[in-house]
Trainee: 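Before anything else, here's the structure in question.
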Protein chains: 2
Amino acid sequence: MKGLNYQELLKKYDLKATPQRVIFLNELEKNGHLSIEELEEKIKKIIPSVSTATIYKNINAMVEKGLLSEVKLPNSKNRYEITKDSHAHFICEKCSKVEDLYIDDECLKNNIDKNIVINDIDIVIKGICEECSKKEL
Amino acid sequence: MKGLNYQELLKKYDLKATPQRVIFLNELEKNGHLSIEELEEKIKKIIPSVSTATIYKNINAMVEKGLLSEVKLPNSKNRYEITKDSHAHFICEKCSKVEDLYIDDECLKNNIDKNIVINDIDIVIKGICEECSKKEL
DNA sequence: CTCTGTGCAAAGCGTTTGCAAACGA
DNA sequence: TCGTTTGCAAACGCTTTGCACAGAG
């Protein structure tokens, strides 16, 4: 997972590579899916002087350019991830952990009877993760 | 679609049947998926004296009791619907119309390799509706 | 050098809260 | 009657904005 070149990634999306942004992306890559609050907390541990406004401005700029994707989950604040191939999300209803799930959604398309053009499918699976299942026993 | 008995529905969920709530549910049943803003607008056309606080209090109470479900869609404010059987949503990227889609999601479960317990699956299909497709030609 | 990004403080806006009066059961 | 709901206004908290300065390219 390590090894994204943030300088290049930012340049590719027409954004200047500031230290704040590099740390921003690094935290996001390390942690997967973070809320604004979590992201801010993590970034401030590294550069305590970053302002909240900068966090917001960067999230908005990166989402707008397409570098980040907003992940909307039930009973949870919006989270953000570095944009990657279309994939589903799993959220554990016990520990709130979020995981990427690469599952084939072609089969869904077959049983839609409406005459629509499908561009993308967002899937969120709610359930209990392996660790939490074990704890329940 | 018409014919829900709102008095009974409210009673079933331990909520008193006030005129505001009946109109609230009526609008929601008529329109399908409404944002807070849209709901408030529609209700105020009927009872101009309702306060915004009441709208919020009712949304929160009904979601909490399970009478309403929150629908989270990409690039869109949260919408609300009267809770019904699990179903997918379609959102048209041109006209923003939202429709219910009853599709079988069993097939998704087969190709998940992780050891998780699945409780529910949320599916949002983004695309172009039939009417908008025709207009494009 | 130029333009973008940052930090700060103030403003903005959607949502919640407290309270007294009104209302449903 | 009693507990819940309503409306109002104030409070709240998250997000955005404006501006001067700093920094990237």
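Letters go in sequence order (proteins before strands), and every chain restarts at 1.
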Trainee: Can you check whether A:Q20 has a side-chain N or O nearer than 4.0 Å to OP1 or OP2 of C:dG7?
Mentor: yes

Trainee: Charged N to carboxylate O below 4.0 Å: is that the case for A:E130 and B:K114?
Mentor: no

Trainee: Quickly work out the A:E38 CD to D:dC14 C1' distance and round it to whole Å.
Mentor: 16 Å

Trainee: Mind calculating the distance between CG (B:D14) and P (D:dG3) to the nearest angstrom?
Mentor: 15 Å

Trainee: Without decimals, in angstroms, what is the distance between B:K16 NZ and D:dG3 P?
Mentor: 10 Å

Trainee: Please state how far atom CG in B:N60 lies from atom C1' in C:dT16, giving the value in whole angstrom units.
Mentor: 9 Å

Trainee: C:dG5 phosphate, OP1 or OP2: any side-chain N/O from A:N58 under 4.0 angstrom?
Mentor: no

Trainee: Under the side chain to side chain donor-acceptor pair (under 3.5 Å) criterion, do B:N58 and B:Q20 qualify, and how do the steps go?
Mentor: CA-CA 9 Å; B:N58 280 334; B:Q20 290 88 336; over 6 Å; no

Trainee: May I ask you to say whether A:E8 pairs ionically with A:K11, meaning some side-chain N is under 4.0 Å from a carboxylate O?
Mentor: no

Trainee: Examine the side chains of B:N31 and B:E38 and answer whether a donor and an acceptor come within less than 3.5 Å of each other.
Mentor: no

Trainee: Which residue lies toward the 5' end of DNA chain C, B:T52 or B:T18, if each is placed at its nearest nucleotide?
Mentor: B:T52

Trainee: Quick one: which protein N/O atoms are closer than 3.5 Å to N/O atoms of nucleotides 8-13 of chain D? Pair and distance per line, please.
Mentor:
none

Trainee: Going by atom types only, do B:D122 and B:H89 share a side-chain donor-acceptor pair under 3.5 Å?
Mentor: no

Trainee: Find the distance A:I59:CD1 to D:dC14:P and express it as a whole number of Å.
Mentor: 13 Å

Trainee: In whole angstrom, give the distance that lies between atom CD of B:E37 and atom C1' of C:dC13.
Mentor: 11 Å

Trainee: How many whole angstroms separate atom CD of B:E41 from atom C1' of C:dG14?
Mentor: 16 Å

Trainee: Once you round it to whole Å, what is the distance between C1' of D:dT16 and CD of A:E64?
Mentor: 13 Å

Trainee: Under 4.0 Å between any heavy atoms, over every strand shown, what does A:A17 touch: base, sugar-phosphate, or nothing? Just pick one.
Mentor: sugar-phosphate

Trainee: Carefully, step by step, assess A:K97 and A:E131 under the rule salt bridge (charged side-chain N to carboxylate O under 4.0 Å, His left out).
Mentor: CA-CA 11 Å; A:K97 169 173 42 189; A:E131 292 74 47; 2.5 Å; yes

Trainee: Under 3.5 Å, is there a donor-acceptor pair between the A:E81 and A:H87 side chains?
Mentor: yes

